[in-house]
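This is a predicted model, so every value here is computed, not measured. By convention in this document, chain letters (A, B, ...) are assigned in the order of the sequence lines, proteins followed by strands, and residues within each chain are numbered from 1.
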Protein chains: 2
Amino acid sequence: MARKRPTMKDVAARAGVGFKTVSRVINGEPGVTERTAERVHLAAAELHYRRDMTAGNLRRATGRTDSLGLLVASVDNEFDAALHRAIEDAAQQHRVSIFTGSTDEDPDRERQLALGLLARRVDGLVLMPSPGDLSYLQHEIDLGTPIVAVDRPPHGITVDTVMADSTQGARDAIAHLIDHGHRRVAVLTHLGTLHTAAQRIAGARRRWEDAGLPANDLQVVDGLTTEAETAQALLDLLDGEDPPTAVFTARNQITTGAVRALQQRGLQREIALMGFDDFGHADLLDPAISVVKQDPGQLGHRATQRLLARLEDHSLPVEHLVLGTTLTLRQSCGCGG
Amino acid sequence: MARKRPTMKDVAARAGVGFKTVSRVINGEPGVTERTAERVHLAAAELHYRRDMTAGNLRRATGRTDSLGLLVASVDNEFDAALHRAIEDAAQQHRVSIFTGSTDEDPDRERQLALGLLARRVDGLVLMPSPGDLSYLQHEIDLGTPIVAVDRPPHGITVDTVMADSTQGARDAIAHLIDHGHRRVAVLTHLGTLHTAAQRIAGARRRWEDAGLPANDLQVVDGLTTEAETAQALLDLLDGEDPPTAVFTARNQITTGAVRALQQRGLQREIALMGFDDFGHADLLDPAISVVKQDPGQLGHRATQRLLARLEDHSLPVEHLVLGTTLTLRQSCGCGG
DNA sequence: CTGAAAGCGCTTACAG
DNA sequence: CTGAAAGCGCTTACAG
């Protein structure tokens with residue numbers, strides 16, 4: 001049962017040295033005899049000493065805790081998890097640990113999580129911002145805790161952002177469908193208040209108009225939050241007058257919802273489908289699903305690099321990085337492998 | 001550029017009170033006039049004061065940091081991510097933040113991550129143990145940092161464990177295949193050094209023997225680490241003499257590897273397939289894949305409960321919790337919906 | 001090369 | 001109801 005953890009003082013006593021010497025040895029600082037260092041290492045090992053970084057940080061000049069916070073929509077979302085892994089890997093090389101949290105796109109939950117991490121003095125925050133106002137975070141930034149937004153821009157704060165080119169990705173998807181003869185296309189998206197949805201709708205619309213096609217023939221349904229809701233929405237469209245011959249889905253969950261509806265009607269080979277964002281077994285489905293790929297690994301890597309860079313130099317100019325997407329043709333749009 | 005963060009002293013000065021009073025107000029302790037409290041709240045808001053929990057913890061009697069560590073094989077693995085989310089939710093109700101890390105089943109990386117979190121004085125650790133020796137963690141437990149192992153038992157330490165009943169799950173899978181007339185079955189698993197693989201192989205073998213079937217007709221291939229490797233292994237089996245009529249795959253990635261091989265040979269409707277552990281779009285595949293379901297949400301929830309309980313009472317007896325699995329029949333074993 | 005003192009931002013234990 | 005002192009486990013700045 002819980003003995004007290006040994007401190008540097010305990011190690012010092014056992015090694016017969018001053019405790020500042022222990023500090024030197026533990027931190028690998030120069031200016032200690034090999035013999036002394038060995039005695040200290042031995043004593044530390046015998047006592048199972050583990051340094052307390054949280055205590056060390058308190059007095060430390062830089063004030064760094066070597067930890068950072070990551071807030072995504074949900075850690076068990078495939079895209080978010082891929083992002084998480086990339087951020088972990090980028091951070092680990094710098095020996096910084098990472099706190100994670102799921103906002104569920106809820107500004108209140110996001111606020112509670114963010115303030116909790118700030119109270120634990122993370123060095124910085126990688127944030128997939130909810131649609132809410134984040135101006136309360138501006139003071140934290142001014143006080144020296146940098147934030148970088150991923151996947152979409154935040155409301156109410158000016159920070160570095162790293163995201164995929166949703167507009168261009170949607171344009172590419174729609175262009176492909178048009179090129180393959182589709183003149184009646186459904187666009188299914190998540191909440192229009194989310195930047196990614198808005199951008200993907202905008203990109204689709206613009207490309208449609210550029211082709212001189214009648215606006216009404218691009219049917220946009222947004223606000224879809226679940227697979228079931230998506231499936232139902234598509235079913236309604238299919239059963240309506242002038243059903244679409246192709247569907248563009250703006251996000252994973254929506255893509256699979258659409259697959260469900262098409263399978264249910266047995267139309268998965270008749271109606272073309274193109275999704276935004278790749279997902280685990282897209283290529284195992286029959287037909288395999290064509291998608292606009294974004295690169296969560298790159299997004300996470302670049303966001304972390306930016307955060308770490310800003311930690312070194314807080315005066316860096318704010319940067320907005322937009323990463324390209326890749327049209328990945330499989331079979332669901334009637335043209336791939 | 002980074003002004004210094006205000007401290008309780010700064011707030012006290014601005015509110016014209018002693019800084020202990022600020023501490024009382026910030027922590028919601030009783031014994032402060034409403035009027036005084038208001039002045040303090042106002043000053044804190046004006047200065048954008050954020051308490052420093054890491055400093056507070058240093059002197060605090062309990063020594064708690066209200067944070068815990070979670071180490072899984074990889075945060076972007078579907079099962080691990082579901083576990084992660086459940087743990088986050090269970091922890092959040094107690095306002096504890098969570099550090100995460102991916103071991104990649106590598107004992108060295110695991111050690112580095114674990115020691116890093118310990119140095120940051122997490123209150124406890126939820127660990128999906130790598131196959132390596134973890135006895136170095138025994139001292140941490142003795143020193144008051146509880147650990148609970150999930151998904152599999154750890155080597156070298158005695159701790160609470162929470163895992164799914166792999167043996168019974170495998171028995172159920174094999175029993176089902178036998179009942180449906182299969183007399184030549186392949187078992188495909190990951191590294192045999194991993195407890196889950198060993199248990200699933202053992203469960204399968206035992207049930208096979210219980211049915212009085214010749215041991216040789218249950219072909220076990222273990223050590224499979226990637227989808228590609230799995231697909232190749234199954235292809236070899238299919239091309240060999242006496243190919244199996246059914247396949248039992250011990251894990252997600254292996255199941256999808258098997259799907260790939262079957263699709264490649266066009267045998268997905270001829271050869272029965274049963275996987276251990278459900279996965280995202282198992283029911284969207286054609287045929288939909290039958291699986292033995294485990295419940296990562298329950299595993300995570302129970303593990304966290306146990307850890308938090310032990311934090312309250314370090315003398316709790318060590319407990320090993322085994323959660324049941326559910327046979328979920330779809331189409332891939334020729335019998336489901 | 002080594003160590004004693006002061007201080008980080010809080011909480012604890014105590015005094016008024 | 002309020003506050004001054006001591007202390008948590010370290011690092012910093014300084015002295016020998």
**OP:** Decide yes or no on salt bridge (charged side-chain N to carboxylate O under 4.0 Å, His left out) for A/R64 and A/E312, but give the supporting numbers first.
**Re:** CA-CA 11 Å; A/R64 295 263 284 261; A/E312 299 303 323; 3.5 Å; yes
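Each of B/A55 and B/K20 was matched to the nucleotide of DNA chain C holding its nearest heavy atom; the match closer to the 5' end belongs to B/A55.
Rounded to an integer number of Å, the gap from A/M53 CE to D/dC10 C1' is 12 Å. The CZ atom of A/R64 sits 16 Å away from the P atom of D/dT11 (whole-angstrom rounding). To the nearest angstrom, C1' of D/dC8 lies 13 Å from CG of B/D52. The separation between A/L58 atom CG and C/dC10 atom P is 9 Å, rounded to whole Å. Rounded to whole Å, the distance from NZ on B/K9 to C1' on C/dC10 is 9 Å. Rounded to a whole Å, the CZ atom of A/F19 is 11 Å from the P atom of D/dG9. When the C1' atom of C/dC10 is taken as reference, atom CD of B/E29 falls 12 Å away, rounded to whole Å. Between the CG atom of A/D66 and the P atom of D/dC10 there is a distance of 16 Å, given to the nearest Å.
Residue B/R59 places none of its side-chain N or O atoms closer than 4.0 Å to OP1 or OP2 of D/dG7. At least one side-chain nitrogen or oxygen of B/T33 sits closer than 4.0 Å to the OP1 or OP2 atom of D/dT2. Contact annotation: A/T21 reaches the phosphate of C/dG3 (side-chain N/O to OP1 or OP2, under 4.0 Å). An OP1 or OP2 oxygen of D/dG9 is reached within less than 4.0 angstrom by a side-chain nitrogen or oxygen of A/K4. Phosphate contact (OP1/OP2 of C/dT2, side-chain N/O of A/T36, threshold under 4.0 Å): present. Within the 4.0 Å cut-off from OP1 or OP2 of C/dT11, at least one side-chain nitrogen or oxygen of B/S23 is found.
B/G56 comes within contact range of the sugar-phosphate backbone alone, with a heavy-atom separation under 4.0 Å but no base atom that close. Residue contacts shown for A/N57 are absent, as no nucleic acid heavy atom lies under 4.0 Å away.
With respect to B/R95 and B/D123, no salt bridge is recorded, no charged nitrogen being found less than 4.0 Å from a carboxylate O. Between A/R85 and A/D89 there is a salt bridge, since a side-chain N of the basic residue sits under 4.0 Å from a carboxylate O of the acidic one.
Applying the 3.5 Å distance criterion, the base of C/dG3 shares a donor-acceptor pair with the side chain of A/R24.
No hydrogens or angles considered: nothing links the side chains of A/R120 and A/S67 as a donor-acceptor pair under 3.5 Å.
Expressed to the nearest 0.5 Å, how far CG of B/L137 lies from CD of B/E110 amounts to 7.5 Å.
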